[in-house]
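All remarks here apply to the structure that follows.
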Amino acid sequence: MANIFPKSANAVPAQVIAALTLVVLTTSALAYFYLTPDYANKGYMPRQPVAYSHELHVGQLGLDCRYCHDNVDKSEHAKIPDAATCMNCHSLIKTDSPALEPIRRSYNTGEPVAWIKIHKTPDYVYFNHAVHVNRGVSCVECHGRVDQMKEVYQAKSLTMGFCLDCHMNPTDRVRPNEQVTNLAWQADKPQSSLPLAERMVEKHGINPPISCSGCHR
């Protein structure tokens, strides 16, 4: 009986297996990259031009977040402090510290310090800091316990799922406005404060959008 298939067909099973293996490996690699903290940048901690310790300035000295990141309650963006803000203190404290040379140089020349941005959202994502801060959403909800970080790193994933979880459960995230920059307050929040959070949601009319147009504009 004559062969129906040409001799080259003998290689088809091996080719199919190789193709399926390639598809599985590619899918696994993409899933690992896009669905894990490696893609979300969770834990990202670049080396900054000046080793500024939030643990010291915020945690020990009690510096309010808004001293450096002023207008965060009025602006979409959290301002990065300029050298003049730093020199308000360091014109008197550690005036000859080699570690602060980039700050002094920036102050004298007007050239900004090349801080490296840590917390980033894609260009197609709209996020307004003032809206969240004025509704009682603390810095700690997105940035973690910065007051305990010698070097700031990205503590939360900041993925779409992360944002939607907050938008669908705002009562779990809000606090009195005067406690927004008290990063330790969440850990010590008593259970009896839940009615307070519910009242705040009602008072501020908090109804976060969960549709695409809420954040993608």
Side-chain angles (χ1 to χ4, degrees), residues 32-33 36-123 125 127-134 137-159 162-163 166 173 175 177-189:
Y32 176 83
F33 183 73
T36 64
D38 290 331
Y39 175 70
N41 284 330
K42 188 175 180 180
Y44 175 55
M45 186 176 65
R47 183 173 294 278
Q48 300 289 356
V50 178
Y52 179 89
S53 172
H54 280 73
E55 180 185 53
L56 170 63
H57 291 80
V58 181
Q60 297 181 34
L61 301 179
L63 201 65
D64 189 283
C65 305
R66 290 165 294 192
Y67 182 77
C68 294
H69 304 290
D70 58 329
N71 284 328
V72 71
D73 54 346
K74 301 180 180 66
S75 171
E76 294 181 14
H77 307 288
K79 175 187 174 184
I80 300 299
D82 55 21
T85 300
C86 304
M87 292 300 288
N88 285 339
C89 295
H90 287 292
S91 60
L92 302 172
I93 302 170
K94 292 186 176 295
T95 56
D96 297 322
S97 171
L100 294 173
E101 175 55 30
I103 299 295
R104 292 192 293 269
R105 183 169 59 250
S106 174
Y107 181 73
N108 292 325
T109 65
E111 182 178 347
V113 178
W115 299 109
I116 300 173
K117 188 175 179 64
I118 299 175
H119 300 86
K120 303 177 183 178
T121 53
D123 292 339
V125 174
F127 180 87
N128 187 311
H129 277 81
V131 168
H132 290 77
V133 169
N134 291 320
V137 179
S138 173
C139 317
V140 74
E141 298 295 345
C142 295
H143 297 290
R145 290 298 301 272
V146 178
D147 58 322
Q148 297 177 347
M149 299 180 189
K150 290 184 178 179
E151 293 185 62
V152 172
Y153 61 89
Q154 183 171 319
K156 307 295 181 73
S157 67
L158 305 184
T159 60
F162 172 84
C163 297
C166 182
R173 304 300 197 281
R175 62 179 66 189
N177 290 78
E178 63 271 17
Q179 299 292 348
V180 165
T181 59
N182 179 4
L183 306 187
W185 187 84
Q186 179 71 16
D188 300 332
K189 184 173 67 172

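Note: hydrogens, waters and symmetry copies are ignored here, and every other heavy atom, side chains too, is used.
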[X] versus [Y], closest heavy-atom pair with distance:
X	Y	result
Pro98	Pro102	O-CD, 4.3 Å
Cys68	Pro81	O-CB, 3.6 Å
Leu183	Gly144	CD1-O, 4.3 Å

_No-hydrogen, no-angle side-chain donor-acceptor test under 3.5 Å, Thr85 and Asp82_ = yes
[X]: which residues meet the side chain to side chain contact (heavy atoms under 4.5 Å, CB included) condition with it, sequence neighbours left out?
X	answer
Asp70	Lys79
Cys142	Leu158, Phe162
Glu76	Tyr126, Asn128
Thr95	none

_Pairs meeting criterion side chain to side chain donor-acceptor pair (under 3.5 Å) with involvement of residues 47-57, two or more places apart_ = none
*Do the side chains of Met45 and Ile118 get nearer than 4.5 Å, heavy atoms only?*
no
_Side chains of Ile103 and Lys94 in contact at under 4.5 Å (non-hydrogen atoms)_ = no
*Report the residues that fulfil ring-ring contact (aromatic ring centres under 6.0 Å, His included) with His119, sequence neighbours left out, ordered by chain and then residue number.*
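Partners of His119 by the ring-ring contact (aromatic ring centres under 6.0 Å, His included) criterion, ordered by chain and then number, come out as His143.
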